[in-house]
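Count residues from 1 along the sequence. Numbering of ligands and ligand atoms starts at 1, following listing order.
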Amino acid sequence: MDTLSRAITSPKPKQTVATHKSYSRKPGFSNSNIISGCLLRSKSSSSGRVWASHAPPPNVDFSDPDWKSKFQKDFEARFNIPHVTDVFPHAQSIPSTFCLRMRTPVSEDFAEGYPSDEKWHGYINNNDRVLLKVIHYSTPTSAGAECIDPDCTWVEQWVHRAGPRENIYFKPEDVKAAIVTCGGLCPGLNDVIRHIVITLEIYGVKKIVGIPFGYRGFADRDLAEMLLSRKVVQNIHLSGGSLLGVSRGGPSISDIVDHMEEKGINMLFVLGGNGTHAGADAIHNECRKRRLKVAVVGVPKTIDNDILLMDKTFGFDTAVEEAQRAINSAYIEAHSAYHGIGIVKLMGRNSGFIAMHASLASGQIDICLIPEVPFYLHGPHGVLSHLKYLIETKGSAVVCVAEGAGQNFLQKTNAKDASGNNVLGDFGVHIQQETKKYFKEIGVPADVKFIDPTYMIRACRANASDGILCTVLGQNAVHGAFAGYSGITVGICNTHYVYFPIPEVISYPRAVDPNSRMWHRCLTSTGQPDFV
Ligand SMILES: Nc1ncnc2c1ncn2[C@@H]1O[C@H](COP(=O)(O)OP(=O)(O)OP(=O)(O)O)[C@@H](O)[C@H]1O
Ligand SMILES: O=P(O)(O)OC[C@H]1O[C@](O)(CO)[C@@H](O)[C@@H]1O
Ligand SMILES: [Mg+2]
């Protein structure tokens, strides 16, 4: 009988298995999609019916001989990126002021913005596309297969290529651009801010401001806009955090747009996660409703890496690198103690990407627990009994747990943060206590240490690869806005840079696929058994 679950599920004691948690019910996240995505994909592969995690629910009629072209048409419509001409069909474009040739950094040359150079072939054609999925899975049973139909037919899915356009829909002298950073911290925020400002200046924009402390800064009269320029942002990437500050919660969309109208903001760059992007999309829609010619462009920020469709989000690499240091400390502590057990908790509310990648990168983890993969703590196949085996055979062990793992072992509080996100219980502390209790009960000495490096990881400055990613994303955000797009976000997709319509990347959280090669690689590295 499971002692822990008895404590929690009393009066009906039974073994509790950690399962894929239910997601927060914020408007940006749809539970039905999670079910159709994760569960169908992971559970039904043996039956040969596997669906792409981001694909629409399987309501396509595959008996229709024309289903593929209909699907592709629908896909094209879904991934169409909103443009100012949708609302202002007569909006005039002008030749781009973004050009990197024939430049002399003499101040008077900049007075009227930068001159266009017709001979410069550095622009992206509006019809350029990037292939979203590059593997042709020949069968739904291939590892990590993401299929649309039961036969796993090859279907091309194209998304819009990011970058500077030859014609722009905003005159630089008419632009007042604002940047806002929301949600939790993430390495690289300052790098993105820096490159947005620098690129705006290259287009010739003179009015650039930062909104302090996230969306809150749009409503709080005590918080003044921060004037930004290349000079102000020159060195901000050398430290972590956000020059502008961050926050959760804040004013209504209508108050935000009132503020933008009042202050004349017509370009808004929004750096944040799924919640922030839901807000950005709502701001974009409200601006359209009010017939304001405004470009709202997002840059996805989440160390959890839980935004859909992208290779990765900025800050993730840095977080993994930093997490390794904590793992190494836990390893040394565990290895140096008699029967040492090190437990490291890493961020990841809904998704175990940091835990999985840090476990893989460090090569020092014996057990990796993530929200996507169910496990027992107690019982013959449970985590604790494997820990006993590791102590007996190796003398020490290191466990990496993702923040969102094992939540159903903990008492639910229903507490929410200011943005409406569920406040999670601390599974790291819980597994530490259970481990101590277990080894005491079986009379085996164990020295259990728990390390929670989460805020240290988030506050780091970006490493080199994230620094470059932030640079490209920041620049592309500005190119997208000048090109007249709004309600979009920027991302990296199969190593190329793209624009996505916001709703497509936040419809549910991206999660580790337990059938993926990467999770299997992680298991190979840890050598852990199935804990079910
Ligand atoms: N559905 C929504 N519609 C409009 N605004 C939202 C929505 N969800 C969240 N927001 C706002 O977006 C901001 C950031 O949201 P949240 O705190 O959830 O962080 P996030 O962007 O998801 O980033 P993180 O990855 O750090 O959690 C908050 O100010 C919040 O009020
Ligand atoms: O304590 P805070 O600042 O609210 O943020 C914590 C959350 O932020 C994240 O790092 C990003 O969403 C989560 O993993 C974590 O739960
Ligand atoms: Mg979030």
For Glu403, atoms of ligand 2 separated by under 4.0 Å from a heavy atom: 13 (C), 14 (O), 15 (C), 16 (O)
Test: Asp317 and Lys312 ion pair at under 4.0 Å: yes
Distance-only polar pair, side chains of Thr199 and His479, donor-acceptor under 3.5 Å: no
Check: Asp304/Thr302 side-chain N/O donor and acceptor closer than 3.5 Å: no
Counting both backbone and side chain atoms, is some N or O of [X] under 3.5 Å from an N or O of ligand 1?
X      : result
Tyr215 : no
Asn421 : yes
Gly184 : yes
Arg248 : yes
Asp417 : no
Gly273 : yes

Residue part near ligand 1, for Arg216, under 4.0 Å between non-hydrogen atoms: neither
Test item: Gln528 side-chain N/O and Thr524 main-chain N/O as donor-acceptor pair under 3.5 Å: no
N, O or S atom of Thr302 closer to the Mg ion (ligand 3) than 2.8 Å: no
Among Phe88, Phe482, Tyr485, ring-ring contact (aromatic ring centres under 6.0 Å, His included) partner for His83: Tyr485
Asp304 to ligand 2, any heavy atom closer than 4.0 Å: yes
Sub-4.0 Å heavy-atom contact, Gly273 with ligand 2: no
Heavy-atom nearest neighbour of atom 11 (C) of ligand 1 within options Gly275, Ser252, Gly279: Gly275
Crowding at CZ, Arg288 (>12 non-hydrogen neighbours, <6.0 Å): yes
